[in-house]
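Values below: all heavy atoms of this structure, side chains included; hydrogens, waters and symmetry mates excluded.
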Amino acid sequence: MPSETLWEIAKAEVEKRGSNGSEGDGVEIGEKSVFFIGSKNGGKTTIILRCLDRDEPPKPTLALEYTYGRRAKGHNIPKDIAHFWELGGGTSLLDLISIPITSDTLRTFSVVLVLDLSKPNDLWPTMENLLQATKRHVDKVIMKLGKKNSKAASEMRQKIWSNMQKDHPDRELIDPFPIPLVIIGSKYDIFQDFDSEKRKVICKTLRFVAHYYGASLMFTSKSEALLLKIRGVINQLAFGIDKSKSICVDQNKPLFITAGLDSLSQIGLPPVPDNDIGKIQAHSPMDLWKKVYEKLFPPKSISTQKDVKDPARDPQYAECEVDEMRIQKDQLNSTPSLY
């Protein structure tokens, strides 16, 4: 009997992979993607480097950057691959959100929102703009996916409730984010010196937002202990390592709340006098919390213009020959025509 040809072996391997994975995944088994968005200069790159054990100084993220990490599962077993995407510029480059999130990657995608706790006036608009833009795009991709693979889209919609127990009292009151979401408050070392009342408002507000979206919430700083805890959470998203069940809701300590472990009764009402709540006109609970928060921390005008520096003039990308040709080109363009 003739031995199998190379083509037959390859064909059998592809069919084997197809039977083991979900139909139409478009993603290799063991591959996940984590998308970091958040405050400009909020520490996203530092967290990524720490998770990848890379001992190098973080550089400013110009627009949308990509890197990856691998993790061995065992001897002679293919390594898991984690794709890390990072959006720079705060809220100025929202259009780029659509690049990494596609119908092929969506089912293995997670979002990490990093918020700078040292700038409370920018916190709400940064959070709102980024989450709304990401959610709009993800909803469109899920709808597109549903036309090609209705089963996959249905499974995704069911999966978003997996962090919430069926008997949780808030199950009918929240609206989970369409893909896994982690909210990280950075620069806790500065935040911990804030006035107690300000810390209370920020903590309660972020707890409400995270709980409403079915997200995990945690604070971090340059502290090695806190970075290790954050690394564990990111590894869970990137490599499927067991999820932590830790919880700390004490506003005098770094918050650490795994998705599904908080509740509206524990969070309490928005921090405003009872006789003033009725005077605030709000269309939803989220709108109420926003108005209360912005009353204490009025938002500064956040420019949505593309204020990212021109990479052609960034010294870290200097190339002598290329730069000289660019200077000549600029000089030619600036020389007035004689005709």
NZ/K159: more than 12 non-hydrogen atoms of other groups inside 6.0 Å: no

Closest non-hydrogen atom pair, S110 against L237: OG-CD2, 3.7 Å

Check: P120 main-chain N/O paired with Y293 side-chain donor or acceptor under 3.5 Å: yes

Minimal non-hydrogen separation, L93 against L87, with atom names: O-CD1, 3.6 Å

S39 side chain vs T126 backbone, donor-acceptor pair below 3.5 Å: no

Other ILVMFWY residues reachable from L228 by side-chain steps of under 4.5 Å: none

Derivation and outcome, salt bridge (charged side-chain N to carboxylate O under 4.0 Å, His left out), residues R231 and E224: CA-CA 10 Å; R231 179 183 176 182; E224 186 64 20; over 6 Å; no

Parallel, tilted or perpendicular, as decided by the 30° and 60° cut-offs, for the rings of F109 and F35: perpendicular

Side chain proximity check, D262 to D170, heavy atoms < 4.5 angstrom: no

Which atom of E197 lies closest to which atom of D195, heavy atoms considered: N-OD2, 3.0 Å

Residue pair I230 / R50, side-chain heavy-atom distance below 4.5 Å: no

Heavy-atom donor-acceptor pair, S186 side chain to T220 backbone, under 3.5 Å: no

Under 3.5 Å: donor-acceptor pair, side chain of K204, backbone of I267: yes

Aromatic ring pairing Y213/F177, orientation class (parallel under 30°, perpendicular over 60°, tilted between): perpendicular

Any donor-acceptor N/O pair, T134 side chain to L130 backbone, under 3.5 Å: yes

Residue Y68 excluded, over 12 heavy atoms near OH under 6.0 Å: no

Listed partners of V141 passing side chain to side chain contact (heavy atoms under 4.5 Å, CB included), at least two apart: S103, L106, H137

